**Student:** 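Sharing a structure below in structure tokens format, with a few things to ask.
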Protein chains: 2
Amino acid sequence: MTLRRHSLLSKNVARALRQRLRREYQSGGRLPSELEIAQEYGVSRGTIRDALAILEREGVIFRRQGSGTYVNQYALNIQASIESAYEFTDLIRQAGYQAEIRPLSVERQPLPADIAARLERPPDSDALFVRKLFLADGEPAIYCLDVLPTDLVREPYQPEELHAPIFDFMRQRCYQTVSLVLADIIPQVTEGQLAELLQSPLGQALLQFDEVSFNTLNKPVLFSRVYYRDGYVRFSVLRKKM
Amino acid sequence: MTLRRHSLLSKNVARALRQRLRREYQSGGRLPSELEIAQEYGVSRGTIRDALAILEREGVIFRRQGSGTYVNQYALNIQASIESAYEFTDLIRQAGYQAEIRPLSVERQPLPADIAARLERPPDSDALFVRKLFLADGEPAIYCLDVLPTDLVREPYQPEELHAPIFDFMRQRCYQTVSLVLADIIPQVTEGQLAELLQSPLGQALLQFDEVSFNTLNKPVLFSRVYYRDGYVRFSVLRKKM
DNA sequence: GAGTGGTCTAGACCACCAG
DNA sequence: TGGTGGTCTAGACCACTCT
């Protein structure tokens, strides 16, 4: 069994500090010095700095050399950080709505050329096309098309399994773990079928994400095209100046 | 004078490695072990790990415990990483176009309530409204409105100075350094004035960024609303699974 | 079992900020 | 001038991967 110590001391401290910030520093303020925190948690200063680095990357704190470590009260309330790959249902719930999945279809089709190229597969090779709709308080909020090359599937499965999150399916039936997602952000306008599916008026703006997912060996294993209706889910980005 | 050593050893190594990757690892591959790299550069393993951590955050490499450090050839060619705050002209140039700035207007107006709230200012307090257009190969690509509270301006200035990047103006005339930008990503449709300005047909999709910039003390100092025409600049996001 | 990355420690010196 | 964060070192042990 994995020991608690390994791989988690700094992360544990980061988690503890994060909770403490939400409790005691809602309106900002300065943290104790790194040395004090280190002594308080009984770890070395380096470990504390690792923990603080995690929180700094999240934007939750910022540091000023010679002065101290401060809390960023604004970053505590970001709706959906674009850098974390959440499940869609989590996204919807975090935005304050009741989440629901509506499976639409599962088909086997040949890969169109553009998707084949991004998956580094020969064109017209066989793939699973899985279409799903995600509802927020009963209203369509997210439409998702997943394209999975058929030859990756290693185990037999029930069709219903494709209604669950695709990453779970890939782990269990393809032995593929996704570790990285490269997404293109594309503004889009509702038209044609999309209007019906999302019950969105023609000409309304949407956010389209074209995503390629890579496994731990950095090979592309999944293409996804996702449409977000504005209003239900909104993304925030934290840009740091260097 | 600041010594070369301080604050830069790991960043220097990161830069050197980044260049080396672009030269020698365009199609992926495995790096030497951390110990070997450390000896090669004559630094400790900890410093190498700091450097590799920078590259890993950029997505340029990924590591597999017990196996090695590998190059991610896909992340090398991202057009515009959404997490770095570039100048607009850089964005356009990186996309392969000739960049040009066209100043539109500078006005003093009272702050509307929604922007005032995000800047934590009283409504109707005075602010500078700076409007600019950025062209790619002569075609409108980005429209930008900057809203700067007037009381932040500390030094007299020439109107032309507001044609330069706003962050430069803030540093020089307001003594304000922006260290963090919080952006909301909003899909939008061309309409009204925007169509004329961007010379974009009505009903075309745009990307709108609503940004609040914070200074080093984490106080909001600038609101910006930016519209990107799709096609000229496209954003990519790298999502890491944890 | 040998080699890799992941984590942690203890100590040092530096640049920066504030009183 | 004392305290803070920023950086670097040398060494240790661990879990994981590969063969």
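Labels below follow one simple rule: chain letters A, B, ... track the order of the sequence lines, proteins then strands, and each chain is numbered from 1. Worth saying up front: this structure is predicted, and the values here are computed from it rather than measured.
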**Student:** Expressed as a whole number of angstroms, how long is the span from Ile48(B):CD1 to dG11(D):P?
**Tutor:** 17 Å
**Student:** For Gly46(A) and Gly66(A), take the nucleotide of DNA chain C holding the closest heavy atom to each; which residue's nucleotide lies nearer the 5' end?
**Tutor:** Gly46(A)
**Student:** Using the side-chain heavy atoms of Gln65(A), tell me which of these nucleotides is nearest: dC8(D), dT4(C), dA15(C).
**Tutor:**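 Comparing dC8(D), dT4(C), dA15(C) against the side chain of Gln65(A), the answer is dA15(C).
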**Student:** Any non-hydrogen side-chain atom of Met170(B) less than 4.5 Å from a side-chain atom of Leu148(B)?
**Tutor:** yes
**Student:** Whole-Å distance between dG5(C) C1' and Arg49(B) CZ?
**Tutor:**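 Between C1' of dG5(C) and CZ of Arg49(B): 6 Å.
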**Student:** One thing to verify: whether Arg121(A) and Asp151(A) come together as a salt bridge, which I'm taking to mean a side-chain N less than 4.0 angstrom from a carboxylate O.
**Tutor:** yes
**Student:** Give the rounded distance in Å between these two atoms: CG of Leu35(A) and P of dG11(C).
**Tutor:** 11 Å
**Student:** Let me know the distance between CZ of Arg45(A) and P of dG3(D), rounded to the nearest Å.
**Tutor:** 14 Å
**Student:** When you measure from the side chain of Leu9(B), which nucleotide among dG5(D), dT9(C), dT7(D) comes out closest?
**Tutor:**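 The answer is dT7(D), which lies nearest to the side chain.
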**Student:** Which whole-number value in Å describes the distance from Phe62(A) CZ to dG6(D) C1'?
**Tutor:**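 Roughly 17 Å, once rounded to whole Å.
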**Student:** May I ask you to evaluate whether Ser67(A) reaches the phosphate of dG3(D), defined as a side-chain N or O under 4.0 Å from OP1 or OP2?
**Tutor:**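 The answer is no; no side-chain N or O of Ser67(A) sits under 4.0 Å from OP1 or OP2.
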**Student:** What is the distance from CD1 of Ile61(A) to P of dT4(D), rounded to the nearest Å?
**Tutor:**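 Distance, rounded to whole Å: 15 Å.
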**Student:** More than 12 non-hydrogen atoms from neighbouring residues, nucleotides or ligands closer than 6.0 Å to CZ on Arg93(B), yes or no?
**Tutor:**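 Correct, the count exceeds 12.
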**Student:** Just to confirm, is there a sub-4.0 Å distance from OP1 or OP2 of dG6(D) to any side-chain nitrogen or oxygen of Arg63(A)?
**Tutor:** yes
**Student:** Phosphate oxygens OP1/OP2 of dT9(C): is one of them under 4.0 Å from a side-chain N or O of Ser44(A)?
**Tutor:** yes
**Student:** CD of Glu34(A) versus C1' of dG6(D): gap in Å, rounded?
**Tutor:**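 Glu34(A) atom CD is separated from dG6(D) atom C1' by 8 Å.
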**Student:** Strictly below 4.0 Å: does Ser10(A) bring a side-chain N or O up to OP1 or OP2 of dT7(C)?
**Tutor:** no
**Student:** If I take atom CG in residue Asp50(B) and atom C1' in nucleotide dT7(D), what distance separates them, rounded to the nearest angstrom?
**Tutor:** 8 Å
**Student:** Taking NZ, NE, NH1 and NH2 as the nitrogens, is one of them in Arg225(A) or Glu211(A) under 4.0 Å from a carboxylate oxygen of the other?
**Tutor:**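 Not counted as a salt bridge, because no side-chain N and carboxylate O are separated by less than 4.0 Å.
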**Student:** With a 4.5 Å limit on heavy-atom distance, are the side chains of Leu145(A) and Val130(A) in contact?
**Tutor:**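 No, side chains not in contact.
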**Student:** Counting only side-chain N and O atoms of Lys11(A), is one of them less than 4.0 Å from OP1 or OP2 of dG6(C)?
**Tutor:** no
